[in-house]
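One structure below.
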Amino acid sequence: MTSHVTEVELEDLLRQALHATGTGARWAVEADEMWCRVAPLAGTRREQGWKLHLSATAASAPAVLAKALGVLLRERSGFKFARSLEQVSALNSRATPRGSSGKFITVYPRSDAEAAALAQELHGATAGLAGPRILSDQPYAVRSLVHYRYGSFVGRRRLSDDGLLVWFIEDPDGNPVEDKRTGQYSPPPWAECPFPAAVPVAPRGGDATSRPVVLGGRFAVREAIRQTNKGGVYRGSDARTGAGVVIKEARPHVEGDASGGDVRDWLRAEARTLEKLKGTGLAPEAVALFEHGGHLFLAQDEVPGVTLRTWVAEHFRDVGGERYRADAMAQVVRLVDLVAAAHARGLVLRDFTPGNVMVRPDGELRLIDLELAVLEDETALPTRVGTPGFSAPERLADAPVHATADYYSLGATACFVLAGKVPNLLPEEPAGRAAEQRLAAWLTACTGPLRLPDGVVDMILGLMRDDPAERWDPSAAREALRRADGTAPPRGAAGASGRAVARAAAGPVRDGGAPDETVAGLVDHLVESMTPADDRRLWPVSTLAGESDPCTVQQGAAGVLAVLTRYFTLTGDARMPGLLSTAGHWIADRADRSSPRPGLHFGGRGTAWALYDAGRAIDDRRLTEHALTLALAPQQVTPHHDITHGTAGSGLAALHLWQRTGDARFADLAVDAADRLTAAAQREPGGVGWAVPGEADSPEGGKRYLGFAHGTAGIGCFLLAAAALSRRPEHRDLAVEIGEDLVTHAVRTGEAAQWPAQSGDVPTAPYWCHGSAGIGTFLVRLWQTTGDERFGDLARRSTHAVRERASRAALTQCHGLAGNGDLLLDMADATGDPVHRETAGELAGLVLAERTHRQGQVVFPNEYGDVSTSWSDGSAGILAFLLRIRHGGPRHWTVEQPG
């Protein structure tokens, strides 16, 4: 087989095998973008059991498939295989999650006995062929391509206590158990293994009885720094010297190419580079390159300190804006010198990023992870692997090695240090504004919150020019840093004309609001991306952080519906009544009205809130009746007390519906929620709180959060509003007690106030979910109610935390600028101080600078680099903020306090 087999030819191997064996009439074949599925026409597949996986490389996949078909087509167990060599490469990529990597062929045996028999035959048929170890499974034998695990055969999913859809199997009593797909073999304790114990099962992590791991007979592993598909990076010690070492692992066949090369070649290249840099002080020194258990390892000197990425995160968190600016400028000078020194020694880095630079305790910088670096006298390993946002565009297209690609990476890393991130400028379709023009617009939007000198902006733009031949080198960057006041930009780069282009690209923000064309483009995207014929999702969402109920506020259709309802009431857009009706009834037909989940963002009453408001806006009585039935239905029992998943969120939605309808049943539900929260409050030395029970089916078990989404601030906000209805002092007193605890836990840095996610932690990012934006949302309301200036002062300090860290933020509601901007608008409404609206305008400018035009529509990246439409991490939440800053009005998912 050649390495040029296409996906059609891979499927041809199946067709040829079916024809040769005369078994075509026994099998049904279906294919999608990823998989070719082969199922027997007779019989039914089991729902769960022991299943088999076979791995392969892009080079070996055709042979592995041909050998496996010779076994599988004789039997009656269904199977699937990756359709193309490109998909095989993706399964073996270093970026593939460890729980799903390597699984080229999956077999669904009809019985445990058949699973054992097929494993033996497939092992014999594929012996000697190449493929990586499948980390979630147990190998059938040493160096076998055949692996096995116990799991689901069919796509059965359920909602966990956290409101996320998870795969599940059933225990012998019929109880659902999550089918966890991790990078470790972990069968359920009640599943009897039918396979021979040919390979010892590795102990689970954290097993106190297991002996320390010693690699190469010399290096004792102390801890894992990280684990990826290509292998781990470990911290340990050298038994010969006692010195600390970092040990890098390369697994066979990961990132394999058609010639048989893989990440082990990268590690060998890194060892050669470190040897040639010995004594320069630029990088750690290599200690040993060795094999252990078939894997390749490189031990090198441990560099004390933290990565530059961690340094930026910690300094943004721990020091005030003025101090950070000074420290960041000094760090950028060091970065320029570091790249210049590397190039002076003939080294082209090819992957210069904040994660590949260590900051020593004395402030000096060291290069690490030099696996892609190339010296002048070496031939570069061909690769398109890089780091999006930091690798030059031509690098990701495998252009010839050139130092100008490092100039781009230096500019991106300097941008990261100064601003806290590199903007995610998604490709425009059709190609529109040049990347450097869009970057200039974003940097211009940053100059307000960051007060960056023009000369520094010019330096970043010069280093990151689209044309490699026009990029500044480190000497020009040094000159710009010396002239950071911007009075004399070097070598005719951005300068005044560049800044004018940037400001034009940013677009106007009229009267503190969003440009009409951006709002229109966002709405067009939501209109065009709605798919009512799809029974699973009404709008496309990102699922990288997990997938939730398709009807809910957080990540489902209700969140989008609510924002488009607000848009319709503000603009009267003639497209909206039909769209709101279609969307509302799609949700109503699928929402669980028999036993809805609690909570606002993940629960049934949040969905009912959106349905009721949409029905009223378009005068659809059937829709409002659906909403009321859903809101009044008995809810599932929950371990959660918070806004997003629990009692406080259900109570807040009931308050809203009471205000809308005057129906006393909703008032009763709201007061009952406040009573239950009051009864469940736990008082400990750290303050009042509501912990998720440790026995709950949730990773949040035992945690006591302070923030709005999952903690006391959100609960306090509901209790404060409920007290205005109930007139019960215990509800108001508990809200005030929460406020007192938040005063105690506040961390003041300069003018800003931040909070830890939990008592005793370091401060977290200033977002709605856990940080200052959400806590300030509660405190400003508590200040308005009580008149206590301590709460008002901390609310104002929350706005400083939001502003100081604005350039580092994503764009969205839950963890980003949209949610942060809503705090500023709350403060503007509460205080009448125009500075808060002006700061909200700055945040809107940062949001707009990352917009992308696609086919006449406008989209934005979420924090994972995807395009999503949802309330929490997508377009709907961003649109809500832009509409509010343009038109005013109340914040979504809050209730107005009675006067």
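A heavy-atom distance below 4.5 Å is not found between the side chains of L817 and F881. Looking at D318 and T749, their side chains never come closer than 4.5 Å, going by heavy atoms from C-beta outward. For the pair L628 and Y612, the minimum side-chain heavy-atom distance is below 4.5 Å. Proximity of L843 to N820: side-chain heavy atoms (C-beta onward) are separated by under 4.5 Å at one or more points. Considering only heavy atoms from C-beta on, T678 comes within 4.5 Å of H731 through its side chain. A 4.5 Å side-chain heavy-atom check between D549 and L165 finds every atom pair outside the cut-off. Contact of the H836 side chain with the T799 side chain is registered, since non-hydrogen atoms from C-beta on lie closer than 4.5 Å. Residues T869 and R537 have side chains not in contact (no heavy-atom distance under 4.5 Å, counting atoms from C-beta outward).
Considering all non-hydrogen atoms of both residues, A653 and G606 come closest at CB-N, 4.3 Å. The minimum heavy-atom distance between L630 and A591, with the atom names listed, is CD2-CB, 4.1 Å. For M530 against A583, the heavy-atom pair with the smallest separation is SD-CB, 4.1 Å. For L825 against A840, the heavy-atom pair with the smallest separation is CD2-CB, 3.8 Å. In this structure, S529 and P540 approach most closely via the heavy-atom pair O-CD, 3.4 Å. Residues L580 and L623 approach most closely at O-CD2, 4.4 Å, considering heavy atoms.
For E896 and R781, the salt-bridge test fails: no basic side-chain N is under 4.0 Å from an acidic carboxylate O. Looking at D620 and R622, no side-chain N of the basic residue comes within less than 4.0 Å of a carboxylate O on the acidic one, giving no salt bridge. Electrostatic pairing of D826 and R884 counts as a salt bridge here, judged by a charged N lying under 4.0 Å from a carboxylate O. Salt bridge status for E47 with R156: present, with a side-chain N to carboxylate O gap under 4.0 Å. Between D619 and R621, none of the side-chain N atoms (NZ, or NE/NH1/NH2) sits under 4.0 Å from a carboxylate O, so this pair counts as no salt bridge. Using a 4.0 Å cut-off between a side-chain N of Lys or Arg and a carboxylate O of Asp or Glu, R704 and E684 qualify as a salt bridge. Residues R660 and D613 are paired through a salt bridge, judged by an N-O separation under 4.0 Å between the basic side chain and the carboxylate. With respect to R317 and E804, no salt bridge is recorded, no charged nitrogen being found less than 4.0 Å from a carboxylate O.
Judged as a side-chain hydrogen bond (donor to acceptor under 3.5 Å, both in side chains), and not counting sequence neighbours, the contacts of Y705 are E700. Residues passing the side-chain hydrogen bond (donor to acceptor under 3.5 Å, both in side chains) test with S548 are Q555, sequence neighbours excluded.
At least one donor-acceptor pair closer than 3.5 Å links the side chain of S798 to the backbone N or O of L794. Judged by distance alone, with hydrogens and angles left aside, the side-chain atoms of S772 form a donor-acceptor pair with the main-chain N or O of A753 at under 3.5 Å. With hydrogens and angles ignored, the 3.5 Å screen pairs no side-chain donor or acceptor of W609 with any backbone N or O of L657. For the pair H640 (side chain) and D161 (backbone), a donor-acceptor distance under 3.5 Å is present. Q636 places a side-chain N or O within 3.5 Å of a backbone atom of S595 that can act as its donor or acceptor partner. Side chain of D179 to main chain of S152: a donor-acceptor pair is present (N/O by atom type, distance under 3.5 Å, no hydrogens or angles). With hydrogens and angles disregarded, no donor-acceptor distance shorter than 3.5 Å links the side chain of D162 to the backbone of L164. The main-chain N or O of L677 is found under 3.5 Å from a side-chain atom of W690 such that the two form a donor-acceptor pair. Counting only distance, with no hydrogens or angles, the side chain of H745 and the backbone of D741 share a donor-acceptor pair below 3.5 Å. Put simply, the side chain of D534 never gets that close to the backbone of L538: no donor and acceptor are under 3.5 Å apart.
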ring-ring contact (aromatic ring centres under 6.0 Å, His included) between W755 and H770, intermediate numbers included: CA-CA 8 Å; W755 282 266; H770 284 297; over 10 Å; no

Under the side-chain contact (heavy atoms from CB on, under 4.5 Å) rule, what do L879 and V523 come out as? Steps first, then yes or no, please. CA-CA 8 Å; L879 176 60; V523 173; 3.9 Å; yes

List the steps and the verdict of side chain to side chain donor-acceptor pair (under 3.5 Å) for D171 and N175. CA-CA 5 Å; D171 67 15; N175 301 310; 3.2 Å; yes

Assess the residue pair R605 and H656 against the criterion (side chain to side chain donor-acceptor pair (under 3.5 Å)); give the C-alpha distance rounded to whole Å, side-chain angles, the decisive distance to 0.1 Å, and a yes or no. CA-CA 10 Å; R605 283 201 196 140; H656 172 79; over 6 Å; no

Go through the steps for I775 and F708 under the test side-chain contact (heavy atoms from CB on, under 4.5 Å), then give the verdict. CA-CA 6 Å; I775 290 173; F708 199 97; 5.9 Å; no

Please evaluate residues L725 and V671 with respect to the criterion side-chain contact (heavy atoms from CB on, under 4.5 Å), reporting the C-alpha separation (whole Å), side-chain torsions for both, the decisive distance (0.1 Å), and the verdict. CA-CA 8 Å; L725 167 63; V671 173; 4.0 Å; yes

Trace of the side chain to side chain donor-acceptor pair (under 3.5 Å) decision for Q813 with D822: CA-CA 9 Å; Q813 277 283 342; D822 268 326; 3.1 Å; yes

Let's go through E178 and R158 carefully: what are the C-alpha distance in whole Å and the side-chain angles of both, what is the deciding distance for salt bridge (Lys or Arg N to Asp or Glu O under 4.0 Å) to 0.1 Å, and is it a yes or a no? CA-CA 9 Å; E178 184 178 352; R158 63 185 290 270; over 6 Å; no

Carefully, step by step, assess R796 and E789 under the rule salt bridge (Lys or Arg N to Asp or Glu O under 4.0 Å). CA-CA 10 Å; R796 283 185 286 271; E789 280 300 326; 3.1 Å; yes

With side chain to side chain donor-acceptor pair (under 3.5 Å) as the criterion, how do Q635 and S650 come out once you've worked through the C-alpha distance, each side chain's angles and the decisive distance to 0.1 Å? CA-CA 9 Å; Q635 296 187 324; S650 294; 3.0 Å; yes

Evaluate the criterion side-chain contact (heavy atoms from CB on, under 4.5 Å) for residue pair C814 and E863; output intermediate values, then yes/no. CA-CA 10 Å; C814 197; E863 59 191 295; 5.7 Å; no

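Figure legend: cation-pi geometry between R665 and W658 absent, as NZ or CZ is not positioned both under 6.0 Å from the six-membered ring centre and within 45° of its axis. Stacking of R590 on the aromatic ring of W586 is recorded, both the 6.0 Å distance cut-off and the 45° axial limit being met.
Taken from CD in E737 to OG1 in T712, the straight-line distance is 10.5 Å, to the nearest 0.5 Å. Atom CD1 of residue I715 and atom OG1 of residue T647 lie 8.0 Å apart, to the nearest 0.5 angstrom.
The residue from V560, T552, T607 that alone fulfils the side chain to side chain contact (heavy atoms under 4.5 Å, CB included) condition with I587 is T607. Partner of W768 under the ring pair (Phe, Tyr, Trp, His ring centres under 6.0 Å) criterion, out of H710, H815, H601: H601 alone.
A donor-acceptor pair shorter than 3.5 Å can be found between the side chains of D592 and S594.
Other residues, nucleotides and ligands contribute at most 12 non-hydrogen atoms within 6.0 Å of the NZ atom of K180. Annotation: E547, atom CD; neighbour count of heavy atoms from other residues, nucleotides and ligands within 6.0 Å is above 12.
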